[in-house]
Amino acid sequence: FNKSHSTGYALIAYQTAYLKANYPAQFMASLLTSDRDDSDRIAIEVQEARTMGIEVMAPDVNESFSTFTVVRESLKQTPRIRFGLAAVKNVGQNLVTALIAERKANGPFRDIEHFLSRIQHHDLNKKSLESLIMCGACSSLGDTATLLANIETLLQYNKQIQQEKNSGQSSLFGGSSAVVAPKLFLATAQPLVRRQQLEWERSLLGLYVSEHPLAKIQRLP
């Protein structure tokens, strides 16, 4: 075995071991990002992160970035890693970039009304919004079942806000003649079956994230 190869691999092994030992959450987030196109590797690495005491969670519009990211506020308690928004099927990079830019500029989204009022992008359509809701990325904005049951109402609300902005009226969020955002009324919906949420995660993210459907019957080794 070539000695130069041995030296190179030894150095890489030392560096990665140091990072994993001293910056475990950041290391695992980088590793997951590097393997983001390999769902088999992602599943193995998610399990490894959890063994290390690091939560790996579904995307969230208030915490996720484009790729796997450590939530900074979690480092003092239980470190958690969020799936990147770019990993969600049917959600394009342009929409992800616009969403993150808006959040950085004006802070987190309080609820679904706040989100729809601020994200005015041509890629925010029925398919992309449904996918964000179904994978759990909008759970911090409202109940998943309720949001899905009112998807047409949400889209119409977003369209109405956009039309008002394009009409030349003042901003929704400033000025003495600011337009007051209309109130959004949502119909109630039946709670989701847990298995359905897991199937959506599997379909939209490539694997079960919050838990595996067979976890409750898993036998200890």
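Hydrogens, waters and symmetry mates are skipped; everything else that's a heavy atom, side chains included, is used.
- Between Ser131 and Asn90, the closest heavy-atom pair is OG-ND2, 3.1 Å.
- Atom NE2 of residue His122 and atom CD of residue Gln162 lie 10.0 Å apart, to the nearest 0.5 angstrom.
- With hydrogens and angles ignored, the 3.5 Å screen pairs no side-chain donor or acceptor of Asn150 with any backbone N or O of Thr153.
- Between Leu31 and Glu45, the shortest heavy-atom contact is O-OE1, 3.6 Å.
- Between Ala29 and Val70, the shortest heavy-atom contact is CB-CG2, 3.8 Å.
- Not one N or O on the side chain of Ser64 forms a donor-acceptor pair closer than 3.5 Å with the backbone of Leu85.
- Side chain of Asn22 to backbone of Tyr18: a donor-acceptor contact under 3.5 angstrom is found.
- Sparse packing is recorded around OH of Tyr23, with 12 or fewer heavy atoms of other residues, nucleotides or ligands lying under 6.0 Å away.
- Distance alone, capped at 3.5 Å, places no donor-acceptor pair between the Ser203 side chain and the Glu199 backbone.
- Remark: side-chain polar atoms of Asn62 are paired, donor with acceptor, to backbone N or O of Phe109 under 3.5 angstrom.
- How far CG of Leu186 is from CG of Leu147: 7.0 Å, rounded to the nearest 0.5 Å.
- Taking a 6.0 Å sphere around CD of Gln190, one finds it holds 12 or fewer heavy atoms contributed by other residues, nucleotides or ligands.
- Met28 and Val71 are members of different hydrophobic clusters when ILVMFWY side chains are connected at heavy-atom separations under 4.5 Å.
- Gln197 and Ser210 share no donor-acceptor pair across their side chains, judged by distance under 3.5 Å alone.
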- Message: side-chain contact (heavy atoms from CB on, under 4.5 Å), that's the test. Do Met52 and Lys20 meet it? Break it down for me.
- Response: CA-CA 10 Å; Met52 296 165 62; Lys20 186 175 182 181; 3.7 Å; yes
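- Heavy-atom minimum distance, Thr144 versus Ser139: OG1-OG, 3.6 Å.
- Contact between Pro79 and Leu75 at its shortest, heavy atoms only, is CB-CD2, 4.4 Å.
- How far CG of Leu184 is from CG of Leu116: 7.0 Å, rounded to the nearest 0.5 Å.
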- Message: Pair Glu63, Arg80 - check side-chain contact (heavy atoms from CB on, under 4.5 Å), show working.
- Response: CA-CA 10 Å; Glu63 290 189 340; Arg80 65 178 184 270; 2.5 Å; yes
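- Taking hydrophobic clusters as Ile, Leu, Val, Met, Phe, Trp and Tyr residues chained together by side-chain heavy-atom distances below 4.5 Å, Leu198 does not share a cluster with Trp200.
- For Arg103 (side chain) and Val61 (main-chain N/O), a donor-acceptor pair under 3.5 Å exists by modelled atom type.
- Within the 3.5 Å criterion, the main-chain N or O of Asp38 finds no donor-acceptor partner in the side chain of Asp35.
- Between the side chain of Ser117 and the backbone N or O of His114, no donor-acceptor pair lies under 3.5 Å.
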- Query: What do the steps show when you test Ile119 against Leu95 for side-chain contact (heavy atoms from CB on, under 4.5 Å), and what is the final call?
  - Reply: CA-CA 9 Å; Ile119 303 300; Leu95 176 58; 4.1 Å; yes
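- For the pair Val209 and Leu205, the tightest heavy-atom approach, listed with the atom from each and the gap, is CG2-CD1, 3.6 Å.
- At least one donor-acceptor pair closer than 3.5 Å links the side chain of Thr69 to the backbone N or O of Thr67.
- Linking ILVMFWY side-chain heavy atoms closer than 4.5 Å, directly or via other members, places Ile161 and Leu155 in a single hydrophobic cluster.
- Put simply, the side chain of Phe115 does not reach to within 4.5 Å of the side chain of Glu113, judged on heavy atoms.
- A heavy-atom distance below 4.5 Å is found between the side chains of Leu154 and Leu129.
- For the pair Glu102 and His121, the minimum side-chain heavy-atom distance is 4.5 Å or more.
- Panel note: side chain Arg82, backbone Ala58; a donor-acceptor pair is recorded below 3.5 Å.
- The SG atom of Cys135 lies 14.5 Å from the CZ atom of Arg202; values are rounded to the nearest 0.5 Å.
- If you check the side chains of Thr97 and Gln93, you find a donor sitting under 3.5 Å from an acceptor.
- Atom CD1 in Ile151 sits 7.5 Å away from atom NZ in Lys126 (nearest 0.5 Å).
- Following chains of ILVMFWY side-chain contacts shorter than 4.5 Å, one cannot reach Tyr208 starting from Phe83, and the two form parts of different hydrophobic clusters.
- By the rule that hydrophobic residues join a cluster once side-chain heavy atoms approach within less than 4.5 Å of another member, Leu204 and Leu148 end up as members of one cluster.
- Atom CG of Leu132 sits about 10.5 Å away from atom CG of Asp60, to the nearest 0.5 Å.
- Using a 3.5 Å distance cut-off with no hydrogens or angles, the side chains of Asp123 and Ser128 do not pair a donor with an acceptor.
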